[in-house]
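Below, chains carry the letters A, B, ... as their sequence lines are ordered, and counting in each starts from 1.
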Amino acid sequence: MTVVTRFAPSPTGFLHIGGARTALYNWLFARHHAQFGDGGRFLLRIEDTDRKRSTNEAVDAILDGLTWLGLDWEGEAVSQFARRDAHAAAAERLLAAGHAYRCYCTPEELATMRERAMAEGRKSLYDGTWRDRDSADAPAGVAPTIRLKAPQDGETVIEDLVQGRVTVANAEMDDMVLLRADGTPTYMLAVVVDDHDMAISHVIRGDDHLTNAFRQIQLYNALGWSTPVFAHIPLIHGADGAKMSKRHGALGVDAYRDLGFLPEAICNYLLRLGWSHGDDEFISRDQAIEWFDIDAVNKGAARFDMAKLTNLNGHYIRNADDARLTELVMRDLHARHDGKLAVGAADRVKMGMSGLKERAKLIPELVDFAEFYALPRPLLMNDKASTLVDSEARIHIAGLYKELAGIDDWSESVVDAAVHAFAERESLKLGKIAQPLRAALTGTTTSPGIFEVMAVLGRDETLARLNDVLNDNAAGSA
RNA sequence: GCCCCCUUCGUCUAGUGGCCUAGGACGCUGCCCUCUCACGGCAGAAACAGGGGUUCGAGUCCCCUAGGGGGCGCCA
C-alpha cells in the first residue's frame with residue numbers, strides 16, 4: 001500500500017513549532033516509504049473553512065515556513081474552503097440515507113444545554129432534541145444545522161500507531177454538527193471528506209485530535225468509507241511544562257530563523273523531541289528518512305528546551321558550508337552598518353569563516369565575530385580591548401610592527417613563527433603579546449586564533465591596524 | 001465536573017523480565033588542551049512519582065493513588 005500523508009494547518013497565524021514537527025513527521029514518514037517501501041506522498045491542505053479567522057498572510061507564512069525547513073509537498077496545496085461543495089454533498093448523502101438529521105436548536109438553547117450538563121456533572125453533550133423529531137415541527141425562521149445520527153450504544157475503538165488501542169463509549173459522544181446553519185461544513189465533516197478524497201492513508205497529527213478521531217471514525221462509518229491509520233503524536237510543552245500554544249510562548253518558525261537558527265538544526269531537534277533512534281543525537285536528513293518510524297515515537301509530551309536546540313545549532317553552524325554562512329553574515333552586516341563595510345569585506349569574512357564558525361551557536365553571534373573582518377579602519381575598540389593596550393603593550397606592538405613589516409612572504413605559519421620569535425627574544429609569554437595584538441587587530445578580546453586573523457587580514461591591513469593603534473588613530477572605544 | 005491519554009537525571013531520551021551498582025545528549029561543576037573565546041578530551045553531581053501485586057527475579061507486566069496533559073463549539 002502506498003503511503004499518503006498530509007499536513008493540514010489552519011491559516012490563523014504563523015507556522016508554530018508544534019505544527020512544524022507534525023509536518024516533519026508526516027514528511028519523513030512519506031519519504032521513508034517512498035524510498036524504502038511501496039511509495040509515499042506528502043500532501044498539504046489548508047484548513048481555511050473558518051473564513052473569519054483565515055488570512056492569506058497566514059497561508060503564505062505557513063508555506064514559507066515549510067519551504068525554509070525543506071519540507072516540500074506534492075502538488076498544489078488544497079484549499080479546504082474550495083471543496084465545500086463536496087462536503088455539503090456528503091452531508092446531503094448522509095441526510096438522504098437517514099444517517100443525519102436537521103437540528104433546529106438555536107445557539108442560545110445549546111449554550112444553556114451545555115451549562116446545565118456541566119452543572120449536573122455530566123459531559124456537556126447535545127441532548128438529541130431533534131434526532132427523532134419531524135422537521136414539520138420546525139420553528140419558523142430558524143435555519144437548521146445538519147447533525148450526524150451517531151450510534152448511541154457500543155463503543156468506538158481506535159488502533160493508534162502511537163497511543164495504542166484506545167476505546168471510548170459511544171454514549172460519551174453526541175451528534176456532532178456536520179453542516180452549519182449557513183450551509184458551510186464544519187471541521188469534522190471537512191477533514192473526513194478531504195482525507196478520503198485525497199486518499200490519505202495515514203493521519204499523523206497532534207494528540208489534541210485524539211478525541212476528534214473517535215467522532216471522525218463514526219463519520220467514516222456512516223459514509224461507508226474505510227478509515228485511515230491514525231497516529232496521534234504528543235504535544236510539545238513549554239519550558240514550564242504547560243502546553244505550548246500561540247498565546248503561551250510558542251514562536252513561529254520565522255522567529256527561530258530570525259533568532260539565528262538553521263533549518264537543519266530545528267529539524268534535527270524537532271525530530272529528537274519525542275522520537276529517538278537509540279542514542280543518536282545528530283541525525284542527517286538522509287538518516288532521518290531511513291530511520292524514521294512511528295513505532296519509535298514516544299507517548300508522553302516533551303518540553304521544549306532552547307538550550308539544547310542552541311547547542312545543536314552550534315553543531316550545524318560548524319558543519320555548514322562557508323559560502324552559505326558568509327552570505328547570511330554579510331546580509332546582516334550590511335543591514336547593521338548601512339552598507340558601510342570595508343572593501344573586500346565579503347572575501348575576508350569568507351576566508352575567515354572556518355575559524356569564525358567554530359565559536360558561534362547562533363547566526364547573530366557569527367555576525368558579531370565576523371564584524372572586525374568587515375569593518376573599515378580605524379577600528380573601534382571595546383572597553384576590555386582598550387585596557388589591554390596599555391603603554392607597555394604599545395611598546396611591544398611597536399617592536400613587533402618593525403618585525404612584521406619586514407615580512408614579504410605573509411602567511412599564517414610565517415607570522416606565527418615571527419611573533420613567537422619576537423616573544424622569545426623579549427622574554428614575553430605569548431599571551432603578553434597575543435592579547436594586545438588581538439585587541440589592536442580585532443577591537444575585541446575574543447577572536448579566532450590571532451595568527452589566522454593576521455593571515456586573513458593580510459600584511460597591509462594588519463600593519464595598518466597596528467599603526468592605527470600606535471598613532472592613536474582609533475576613533476575611541478566603542 | 002465528565003471522558004481519554006501520559007509519568008526514567010533539571011530537560012530530551014536509551015531501556016521491550018535477568019546484559020541496569022540504569023546508558024547517551026543538553027545544561028551544570030572541576031580538570032586538561034591553549035594567544036582569547038570556542039571546539040575537543042577527561043572526570044563528577046544528577047532519575048526509574050508513590051503504594052500494592054504477579055514472578056526465582058520488575059525501570060520493564062497488572063491494579064490503585066498522586067501529579068501532569070488533552071478533549072468536551074454551528075473553532076480548527
Can you find a donor-acceptor pair, distance only, under 3.5 Å between [X] side chain and [N] base?
{"X": "A:D279", "N": "B:G23", "answer": "yes"}
{"X": "A:R359", "N": "B:C39", "answer": "no"}
{"X": "A:N212", "N": "B:A76", "answer": "yes"}
{"X": "A:K299", "N": "B:C5", "answer": "no"}
{"X": "A:R438", "N": "B:C35", "answer": "yes"}

NA contact type, [X], heavy-atom cut-off 4.0 Å: base, sugar-phosphate, or nothing?
{"X": "A:E358", "result": "base"}
{"X": "A:G274", "result": "sugar-phosphate"}
{"X": "A:P9", "result": "nothing"}
{"X": "A:A302", "result": "sugar-phosphate"}
{"X": "A:T444", "result": "nothing"}
{"X": "A:F369", "result": "nothing"}
{"X": "A:Q163", "result": "sugar-phosphate"}

Decide whether A:H277 and A:D293 meet the rule of one side-chain donor and one side-chain acceptor closer than 3.5 Å. no
Does one side chain, of A:N311 or A:H315, offer a donor that lies under 3.5 Å from an acceptor on the other? no
Is the A:Y25-A:H202 ring centre distance short of 6.0 angstrom? no
Using ring centroids (six-membered ring only for Trp), state whether A:F292 and A:W275 fall under 6.0 Å. yes
How do A:P185 and A:A296 order along RNA chain B: which one's closest nucleotide is nearer the 5' end? A:A296
Specify the residue among A:L210 and A:L309 whose closest nucleotide of RNA chain B lies further upstream toward the 5′ end.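 Counting from the 5' end, the first nearest nucleotide belongs to A:L210.
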[N] phosphate, OP1 or OP2: any side-chain N/O from [X] under 4.0 angstrom?
{"X": "A:K357", "N": "B:A38", "value": "no"}
{"X": "A:N298", "N": "B:C6", "value": "no"}
{"X": "A:T167", "N": "B:C4", "value": "no"}
{"X": "A:S276", "N": "B:A14", "value": "yes"}

